[in-house]
Amino acid sequence: MLSGENSTRPVGEGGCRRRRRDGARTAFLAVTVGWLALIVVAALTAQWLPIPEPDVGGFGVAKHPFGTRLLGTDQLGRDMLSRLVYGARMSLLIAAASIAMAMTLGLAFGLSAGYLRGKIDILVTATADVTLAFPGLVLLLVVSALLGPSPRNLIMTITILLTPTFIRLTRASTISVAQREFVIAAKGSGARDVRIAIREILPNVIPTLTAFALATTARVFILEGSLSFLGLGIQPPTPAWGSMIEAGRSRLVTAPHIVLIPAMALFVTVLAFNTLADMHRDAGRSSGLVG
C-alpha cells in the first residue's frame, strides 16, 4: 500500500508542476500578445487618441509622470506619452515595410533556388553569401552618411540586410519539403513546377519564415533605435525611441523618466517579439510544420 502511494505521488506532483508551468506560460503569452496589441493599436490610431501632437511643447519642462501628463514631459516640454506612441508608429512602419519586402524577395529567390537547384541555386546562394559577409551596421552607417538619414533609406538598407537570410532560410526549408512524399507524388502526377512550388511547398515554408519574421522584427527595432540614438536614423522633431533616449541623457539625474520610459518600451517590445517568435516556433515544431 505504501509503495503504491509512493509510486503515484511523483506522477501527481509532476502533473501539478506541468499545469502550473503551462498556466504561467499561457499567462506570459497573454501579457506578451496584450502588450504588442496595445503598441500596434495605439500606433495605428494615434491621431484619434486624446493626446497632443508629438512636437507640441508648452506642457512644462521635464515634468515627472503621473502629474498633469500621464508619462510626464521631455526636456522641451513635449508630452512623453504622445512621443512614445508616435515613435512606436515609426518603428512599426520601418519594421513592417522592410520585413515584408525582404520576406517577399526571400520567398521568390529561395523557392527558386531550393526547388530548381542547379545554376540558379549556385547563383542565388553565392549572392546571398556575399551580401551576408558585408557588415550590416557598416552598410547602415554608409547609406545614412551618403544618402542622408530618412525612413525610406532606412527601409531600403534594412531590406538589403535581411533579404539574404530569408533567402537561405527559404532555400533550406524548400529543399527539406521537396523531398517529402506529397511533393514527389505531385511531380509524378505531372504537375507543373510553379503549381508544386505554390500549392505544395509554400504553405509548409511559411510557418518557419513567420517565426523568423517575428524575431527579426525585434532586431529591426534595435537597429532603428540604435541608429536614431546615434543621430543617423529618424531625425528630430519626428519622434523615435532611440532619439528620445539620446535627447534625455542630459537630464538623466534630474528627470530620468525621459530616458527610462522609451528605453523600457523598447526593451519590453523587443522581448515580446522574441518571446512570441519562440512560442510560434515551438508550436510549429509540435505540429510538425517547423523543422
Would you say that Met80 contacts Met244 through its side chain, given a criterion of any heavy-atom pair below 4.5 Å between the two side chains?
yes
Output for pair (Asn274 CG, Thr217 OG1), nearest 0.5 Å, gives 9.5 Å
Hits for ring pair (Phe, Tyr, Trp, His ring centres under 6.0 Å) against Phe109, two or more places apart or cross-chain, chain-then-number order -> none
**OP:** Go through the steps for Leu107 and Leu202 under the test side-chain contact (heavy atoms from CB on, under 4.5 Å), then give the verdict.
**Re:** CA-CA 8 Å; Leu107 276 170; Leu202 182 60; 3.6 Å; yes
What one should report as the nearest heavy-atom pair of Met103 and Thr210 is CE-N, 4.2 Å
task = Please check if the side chain of Arg83 supplies one atom and the backbone of Pro54 the other of a donor-acceptor pair under 3.5 Å.
result = yes
Minimal heavy-atom distance between Ala100 and Thr104, with the atoms involved, is O-OG1, 2.8 Å
So the side-chain hydrogen bond (donor to acceptor under 3.5 Å, both in side chains) pairs with at least one residue in residues 250-267 (sequence neighbours excluded) are none
Sorted by chain and residue number, the side-chain contact (heavy atoms from CB on, under 4.5 Å) partners of Glu200 (sequence neighbours excluded) come out as Phe182, Val183, Ala186, Arg195, Ile196
Residues at least two apart in sequence or cross-chain that pass side-chain contact (heavy atoms from CB on, under 4.5 Å) with Ala240, listed by chain then number, are Glu224, Ser228, Ile234, Ser243
For Val85 and Ala46, the nearest pair of non-hydrogen atoms, with its separation, is CG1-CB, 3.7 Å
So OG1 of Thr170 and CD1 of Ile175: to nearest 0.5 Å the spacing works out to 11.0 Å
Worksheet item: Is the backbone N or O of Ala95 less than 3.5 Å from a side-chain atom of Ser98, with the two atoms forming a donor-acceptor pair by type?
Response: yes
Rounding to 0.5 Å, atoms OG1 (Thr174) and CG (Asn204) come to a distance of 10.0 Å
Applied to residues 44-65, the side-chain hydrogen bond (donor to acceptor under 3.5 Å, both in side chains) test, sequence neighbours excluded, yields Gln47-Arg89
| Within-4.5 Å side-chain heavy-atom neighbours: Val56 and Arg78 | no
Closest non-hydrogen contact found for Ser82 with Ile51 is CA-CD1, 3.9 Å
Cluster question for you: counting only ILVMFWY and a side-chain heavy-atom cut-off of under 4.5 Å, with indirect links fine, are Ile201 and Ile120 together?
yes
| query | Can you tell me if CZ on Arg152 sees more than 12 non-hydrogen neighbours from other groups inside 6.0 Å? | reply | no
With a 4.5 Å limit on heavy-atom distance, are the side chains of Leu29 and Leu276 in contact? yes
- Query: Among the clusters formed by ILVMFWY side chains lying less than 4.5 Å apart, do Leu214 and Leu38 turn up in the same one?
  - Reply: yes
Interatomic distance, CD1@Ile94 vs CD1@Ile155, rounded to 0.5 Å, equals 5.5 Å
CD1 of Ile167 to CG of Leu111, rounded to nearest 0.5 Å, is 11.0 Å
State plainly whether one hydrophobic cluster holds both Ile39 and Met264, where clusters connect Ile, Leu, Val, Met, Phe, Trp and Tyr through side-chain heavy atoms under 4.5 angstrom apart.
yes
Any donor and acceptor pair, going by atom type alone, linking the side chain of Thr73 with main-chain N or O of Gly60 inside 3.5 Å? yes
Test Leu84 against Asp79 for side-chain contact (heavy atoms from CB on, under 4.5 Å), laying out the working first. CA-CA 9 Å; Leu84 196 71; Asp79 185 75; over 6 Å; no
So side-chain hydrogen bond (donor to acceptor under 3.5 Å, both in side chains) across residues 126-139, not counting sequence neighbours, yields Asp129-Arg168
Margin query: When you measure from the side chain of Glu246 to the backbone of Gly242, do you find a donor-acceptor pair of N or O atoms at a distance under 3.5 Å?
Written below: no
- Task: Determine, stepwise, if the pair Arg69 / Leu81 fulfils side-chain contact (heavy atoms from CB on, under 4.5 Å).
- Result: CA-CA 8 Å; Arg69 315 305 301 179; Leu81 177 59; over 6 Å; no
What one should report as the nearest heavy-atom pair of Gly248 and Ile258 is CA-CG2, 3.5 Å
In this structure, CD1 of Ile99 is separated from CZ of Arg219 (nearest 0.5 Å) by 9.5 Å
Check your understanding: Going only through I, L, V, M, F, W and Y residues with side-chain contacts under 4.5 Å, is there a path from Phe28 to Val33?
Key -> yes
Glu181 meets the side-chain contact (heavy atoms from CB on, under 4.5 Å) criterion, sequence neighbours left out, with none
Residues 31-41 vs side-chain hydrogen bond (donor to acceptor under 3.5 Å, both in side chains), sequence neighbours excluded, gives Trp35-Thr269
### Query
Does the side chain of Phe221 reach to within under 4.5 Å of the side chain of Leu92, using non-hydrogen atoms?
yes
The side-chain contact (heavy atoms from CB on, under 4.5 Å) partners of Ile122 (sequence neighbours excluded) come to none
| query | Between Leu162 and Val220, is any pair of side-chain heavy atoms under 4.5 Å apart? | reply | yes
ask   = Leu252, Ile245: one ILVMFWY side-chain cluster at the under-4.5 Å cut-off?
value = yes
For residues 124-173, the ring pair (Phe, Tyr, Trp, His ring centres under 6.0 Å) pairs (sequence neighbours left out) are Phe166-Phe212
### pair Leu76-Val61: side-chain heavy atoms closer than 4.5 Å
no
For Trp241 and Pro262, the nearest pair of non-hydrogen atoms, with its separation, is O-CB, 3.9 Å
Full working for side-chain contact (heavy atoms from CB on, under 4.5 Å) between Arg171 and Val124 = CA-CA 10 Å; Arg171 174 184 175 273; Val124 170; over 6 Å; no
For Leu123, the other hydrophobic cluster members (4.5 Å side-chain criterion, sorted by chain and number) are none
Residue set satisfying side chain to side chain donor-acceptor pair (under 3.5 Å) with Ser176, at least two apart, ordered chain then number -> none
query: Taking atom types as modelled and ignoring hydrogens, do the side chains of Ser150 and Asn153 form a donor-acceptor contact shorter than 3.5 angstrom?
result: yes
